[in-house]
Amino acid sequence: MQRLIPTLRNDQVDEALISVLNSLSICAKEISFRVGQGDLAGVLGSTLDENIQGETQKKLDVLSNQLLKDILLESTHVRAVASEEEDGIVTGAAEGQYLVAFDPLDGSSNIDINSMVGTIFSILPTPADNSGDASMFLQPGRQQVAAGYILYGPRTMLVFTTGRGVKMFTLDQTVGEFLLTDADVQIPLDTEEFAINMSNHRHWRPEMRRYIDDLLLGKDGPRGKNFNMRWIAAMVADVHRVLCRGGLFTYPWDGRSHSKPYKLRLLYEGNPMALLVEQAGGIAHTGQEAILDIQPDDIHQRISVILGSKNEVAACLNYLEGSQTA
Ligand code: FBP
C-alpha cells in the first residue's frame with residue numbers, strides 16, 4: 001500500500017504543500033496517541049477556560065490545538081494559522097505560501113465517552129497582499145488548495161483532497177505510517193440515511209421540519225421509501241459516514257438563539273467538508289448558496305450546513321426553496 005508522500009508526488013502536488021500535509025500527518029499521529037491514552041495520560045475532562053465560542057475547553061482541545069500550532073508554525077511554508085480554539089490568527093513565516101485553518105478536535109463532547117472525534121483542516125494560499133492579519137483568511141472556500149480531516153476512531157484515518165478527488169489513508173500503527181486505502185472516494189447519488197440532531201426539531205424553519213417529517217413518513221409518505229437516521233454528534237464522523245456510504249448530513253438554522261442561529265463554523269468545518277463532498281460528487285449547501293461560494297466576513301463565522309448525496313440534498317433544497325433562511 002502506498003504511503004502519503006509518494007501518493008502526493010504521483011499527483012504532482014507541489015513540494016511546499018506536500019510538506020504542510022506531512023506536518024498535519026505528524027500532528028495526527030501524536031493526537032491519535034493522546035486520544036487513545038485518555039485517562040491513562042490524564043487528558044480527559046475539561047479545563048476551567050472558555051474559548052471564543054463560549055465553550056468550555058476540553059484538556060484535549062487545548063493539547064491538540066497547541067500541538068498543531070507548534071508543528072505547523074515551525075514550517076517555512078505556513079504564513080499563519082486560524083483555530084477554533086484561538087480568538088485571533090497566529091502568524092508564522094513571513095514568506096509562508098499557505099494559511100491553515102483548523103478545528104483541532106471536532107466533536108469534543110464525545111471525548112470523555114470514548115466516541116469518535118477528529119481534526120478538520122483547510123489550506124488556503126497566502127494572498128498577494130500578505131497583510132499579516134485575519135483578512136488573509138477571508139477567502140471563499142473555492143480558493144482552498146487542500147482540505148480534509150483526521151478521524152480518531154477504531155482506526156485513525158486521514159482523508160483529504162488537493163482538488164484531485166478524495167483519498168483515504170489508514171494509520172498502520174505497526175509502522176506509524178498512513179497507507180492509502182481508498183484512492184478515489186465517490187458519494188452515492190441517492191441514499192436512505194439522514195443525520196440531524198432531532199431534538200432541535202421544534203426550533204427549525206417550517207420548511208426544514210416538513211422535509212424531515214416526510215423522511216420519517218417513509219414509504220407511506222410522499223418520499224415513497226423508508227429512511228434511517230444516524231447522529232454521532234461529531235461532524236467529522238457523520239461526514240466520514242457520508243463519504244463512505246452516502247447520506248445527508250445537516251445542521252440547519254434554528255431559532256434557539258437569535259444571536260447564534262447557526263452551529264457550525266465556515267472556515268474550519270463548513271469549507272473543508274464542502275470541498276471534500278464536492279470533490280466526491282456530492283453537494284454542500286447552506287439552503288441559500290453553495291458553501292464554497294460564500295465570501296467569509298469573520299474567521300469564526302457560523303453557517304447552516306446541508307451536505308451529502310447529490311439527489312437527496314437536491315430534494316432537501318426543493319423543500320427549502322422560498323424559505324427566508326434554512
Ligand atoms: P465542536 O465540537 O468542534 O465544537 O463542533 C461542533 C459539533 O460537535 C459538531 O462536530 C457536531 O456536528 C455538532 O457540534 C453536534 O452538535 P449537538 O451537540 O447539538 O448535537
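The basis for the numbers below is simple: all heavy atoms, side chains too, and nothing from hydrogens, waters or symmetry mates. Quick caveat, the model's predicted, so the values are computed rather than measured.
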Verify the cluster assignment for L60 and L171: are they in a single hydrophobic cluster under the rule of side-chain heavy atoms below 4.5 Å apart? yes
Can you check side-chain contact (heavy atoms from CB on, under 4.5 Å) on L317 and H285, steps first, answer last? CA-CA 9 Å; L317 296 178; H285 214 272; 3.6 Å; yes
Would F137 and I89 count as a side-chain contact (heavy atoms from CB on, under 4.5 Å) if you check the C-alpha gap in whole Å, the side-chain angles of each, and the deciding distance to 0.1 Å? CA-CA 9 Å; F137 284 84; I89 70 163; 3.6 Å; yes
Should T7 and R3 count as side-chain neighbours, where that means a heavy-atom distance under 4.5 Å? no
Are I232 and M229 co-members of a hydrophobic cluster defined by side-chain heavy atoms under 4.5 Å apart? yes
Any donor-acceptor pair under 3.5 Å from Q279 side chain to L275 backbone: no
Tell me whether the count of non-hydrogen atoms from other residues, nucleotides or ligands lying under 6.0 Å of CD in Q295 goes above 12. yes
When hydrophobic residues are tied together by side-chain contacts of less than 4.5 Å, even through go-betweens, does M1 share a cluster with M168? no
Mind running ring-ring contact (aromatic ring centres under 6.0 Å, His included) on F160 and F169 for me, showing each step along the way? CA-CA 9 Å; F160 66 83; F169 293 76; 5.6 Å; yes
Evaluate the side-chain proximity of V43 to L63: yes if any heavy-atom separation is below 4.5 Å, no if none is. yes
For residues 115-122, tabulate all N or O donor-acceptor pairs below 3.5 Å that involve a side-chain atom, not counting sequence neighbours.
residue	atom	partner	partner atom	Å
T119	OG1	P104	O	2.7
T119	OG1	Y152	OH	2.8
S122	OG	Q144	OE1	2.8

Give a yes-or-no answer on whether the side chains of S19 and N22 include a donor-acceptor pair shorter than 3.5 Å. no
Crowded around N114 CG? As in, over 12 foreign heavy atoms under 6.0 Å? no
Hey, are D254 and R205 close enough for a salt bridge, meaning a charged N less than 4.0 Å from a carboxylate O? no
Would you check if the side chain of N226 reaches a backbone N or O of K219 as a donor-acceptor pair within less than 3.5 Å? yes
Taking atom CD of Q97 and atom CG of L99, what is their separation to the nearest 0.5 Å? 10.5 Å
Is a donor on one side and an acceptor on the other found under 3.5 Å between the side chain of D112 and the backbone of L44? no
Determine whether the side chains of D213 and H201 contain a donor N or O and an acceptor N or O closer than 3.5 Å. yes
Report yes if some heavy atom in the side chain of Y268 is under 4.5 Å from a heavy atom in the side chain of H300; otherwise report no. yes
Mind jotting down which residue pairs meet the salt bridge (charged side-chain N to carboxylate O under 4.0 Å, His left out) criterion with at least one end in residues 269-282? Sequence neighbours excluded, please. R142-E278, R265-E269
One should read off an interatomic distance between Q173 CD and T156 OG1, to the nearest 0.5 angstrom, of 5.5 Å
In this structure, which one of T126, N130, T91 forms a side chain to side chain donor-acceptor pair (under 3.5 Å) with R79? N130
Indicate yes or no: at least one non-hydrogen side-chain atom of L21 is less than 4.5 angstrom from one of I123. yes
Does V62 offer a backbone N or O that forms a donor-acceptor pair with the side chain of N65 under 3.5 Å? no
Report the distance from atom CD of Q66 to atom CD1 of I71, rounding to the nearest 0.5 Å. 10.5 Å
With side-chain contact (heavy atoms from CB on, under 4.5 Å) as the test, pick out the partner of Y149 among L243, D103, D106, L158. L243
Can you list the residues that meet the salt bridge (charged side-chain N to carboxylate O under 4.0 Å, His left out) rule with K225, with sequence neighbours excluded? E192
Reported CH2-to-OG1 distance for the pair W253 and T286, which is rounded to 0.5 angstrom: 14.0 Å
Under 3.5 Å: donor-acceptor pair, side chain of Q139, backbone of P125: yes
Does some side-chain heavy atom of D172 sit less than 4.5 Å from a side-chain heavy atom of F178? no
Tell me if the CE atom of M198 is crowded by more than 12 foreign heavy atoms within 6.0 Å. yes
State, with a plain yes or no, whether a side-chain heavy atom of E312 is found less than 4.5 Å away from one of R223. yes
Heavy-atom side-chain contact between V166 and Q186 under 4.5 Å: no
With distance as the sole test, does N197 use its side chain to make a donor-acceptor pair with the main-chain N or O of W231 at under 3.5 Å? no
Heavy-atom side-chain contact between L248 and I306 under 4.5 Å: yes
Ring centroid separation W204 to Y211 under 6.0 Å: no
If you count heavy atoms of other groups shown closer than 6.0 angstrom to CD of E289, is the number above 12? yes
Evaluation steps, side-chain contact (heavy atoms from CB on, under 4.5 Å), between Q301 and L138: CA-CA 10 Å; Q301 176 178 346; L138 303 183; 5.8 Å; no
Quick one: pull up CD1 in I150 and OG in S64 and give me the separation to the nearest 0.5 Å. 10.0 Å
Using only atom types and a distance under 3.5 Å, with no angle test, would you say the side chain of D14 pairs donor to acceptor with the backbone of L17? yes
Can you hop from L105 to L151 via hydrophobic side chains spaced under 4.5 Å? no
Name the residue from I291, T250, V239 that meets the side-chain contact (heavy atoms from CB on, under 4.5 Å) definition with V305. I291
Can you see whether D190 engages S309 through a side-chain donor-acceptor pair at a distance of less than 3.5 angstrom? no
Only one of E86, E74, E85 passes side chain to side chain donor-acceptor pair (under 3.5 Å) with K69; say which it is. E86
Can you tell me if D214 uses its side chain to pair, donor with acceptor, with the backbone of P222 under 3.5 Å? no
Should we say atom CZ of R155 is surrounded by more than 12 heavy atoms from elsewhere, each under 6.0 Å from it? no
Work out which heavy atom in L72 is nearest to a heavy atom in S23; give both atom names and the distance. CD2-CB, 4.2 Å
Do I299 and V78 sit in one hydrophobic cluster, given that two such residues count as connected whenever their side-chain heavy atoms are within less than 4.5 Å of each other, even indirectly? no
Quickly, which of D184, T181, T162, D11 forms a side chain to side chain donor-acceptor pair (under 3.5 Å) with K167? Name it, please. D11
